[in-house]
Number of protein chains: 2
Amino acid sequence: MNHQPDPLLTAGEVARMFRVDPKTVTRWAAAGRIGSIRTPGGHRRYSETECRALLEGSRTGGQA
Amino acid sequence: MNHQPDPLLTAGEVARMFRVDPKTVTRWAAAGRIGSIRTPGGHRRYSETECRALLEGSRTGGQA
DNA sequence: TGGGATTGGGGTAATTCGGGAC
DNA sequence: CGTGTCCGAATTACCCCAATCC
């Protein structure tokens, strides 16, 4: 069920999404709280789909 | 168990898979981090199988 | 043969990694 | 317990242009 390429994000992009430090995103990945793949050079890439899911999934209340 | 030809990818295609610059893919090949074939003109071609293996092989964490 | 798009190479900023501490 | 910052080192991104690909 995965024939479509999954958009990948850099640490900095994910960091801006969550308004945290890129280092924090790295910690999340190291702790296995967020999925990640590594480039042969060692840099991490994150799934945009998963990040947005985490963002929306953790949403509480909101309706005014 | 290898009777089927291995699909070859260009630098740009590999770059999109890893969300990196095509130049970076070239550096991987030059550094021997990834296998590559050269066209008589000097351009490189990469194995799709190997690229996807690297992608999946580096997969980490996610949701438990 | 012509033409648009991509690639390779060199050089230089910007980002990321990793550890360790507060 | 989670996060932001410091450091040095490595990796990656963007600039140029000539050559190659289709």
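In the text below, chain A, chain B and the rest are named by the order of the sequence lines, each starting its count at 1. Values below: all heavy atoms of this structure, side chains included; hydrogens, waters and symmetry mates excluded. Model, not experiment: these values are computed from the prediction.
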Check your understanding: Which dot-bracket notation, 5' to 3', represents the base pairing of DNA chain C when pairs are defined as Watson-Crick or G-U with both distances under 3.5 Å, crossing pairs as [ ], and inter-strand pairs as |?
Key -> ..|||||||||||||||||..|
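The side chain of A:Trp28 contributes an N or O atom lying less than 4.0 Å from OP1 or OP2 of D:dT3. Put simply, B:Thr26 has no side-chain N or O that comes within less than 4.0 Å of OP1 or OP2 on C:dT7.
Proximity of A:Trp28 to A:Val20: side-chain heavy atoms (C-beta onward) are separated by under 4.5 Å at one or more points. Within the 4.5 Å cutoff, side-chain heavy atoms of A:Pro40 are placed close to those of B:Leu54. Two residues are said to be in side-chain contact when any heavy atoms from C-beta on lie closer than 4.5 Å; A:Leu8 and B:Phe18 fail this criterion. Residues A:Glu48 and A:Arg52 have side chains in contact (heavy-atom distance under 4.5 Å, counting atoms from C-beta outward). Contact annotation: the side chain of B:Arg45 never approaches that of B:Leu9 to less than 4.5 Å [non-hydrogen atoms, C-beta and beyond].
As rounded to whole Å, 11 Å separates atom P of D:dT3 from atom CD1 of A:Ile34. In this structure, CZ of B:Phe18 is placed 19 Å from C1' of C:dT15, rounded to the nearest angstrom. Between the CE atom of B:Met17 and the P atom of D:dT12 there is a distance of 15 Å, rounded to whole Å.
Comparing C:dG8, C:dT16, C:dG18 by their nearest atom to the side chain of B:Arg44 picks out C:dG8. Residue A:Arg38 places its side chain closer to C:dC17 than to any other of C:dT7, C:dC17, D:dT3.
Shown here are the salt bridge (Lys or Arg N to Asp or Glu O under 4.0 Å) partners of B:Glu50, two or more places apart in sequence or in another chain: there are none.
Salt bridge status for B:Arg59 with B:Glu56: present, with a side-chain N to carboxylate O gap under 4.0 Å.
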Revision key, fill the gap. Once base and sugar-phosphate atoms are separated, protein heavy atoms under 4.0 Å mark nucleotides 13-22 of chain D, 5' to 3', with B, S and - as BB-----BSS
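In terms of heavy atoms, A:Gly12 sits closest to A:Pro22 at CA-CG, 4.4 Å.
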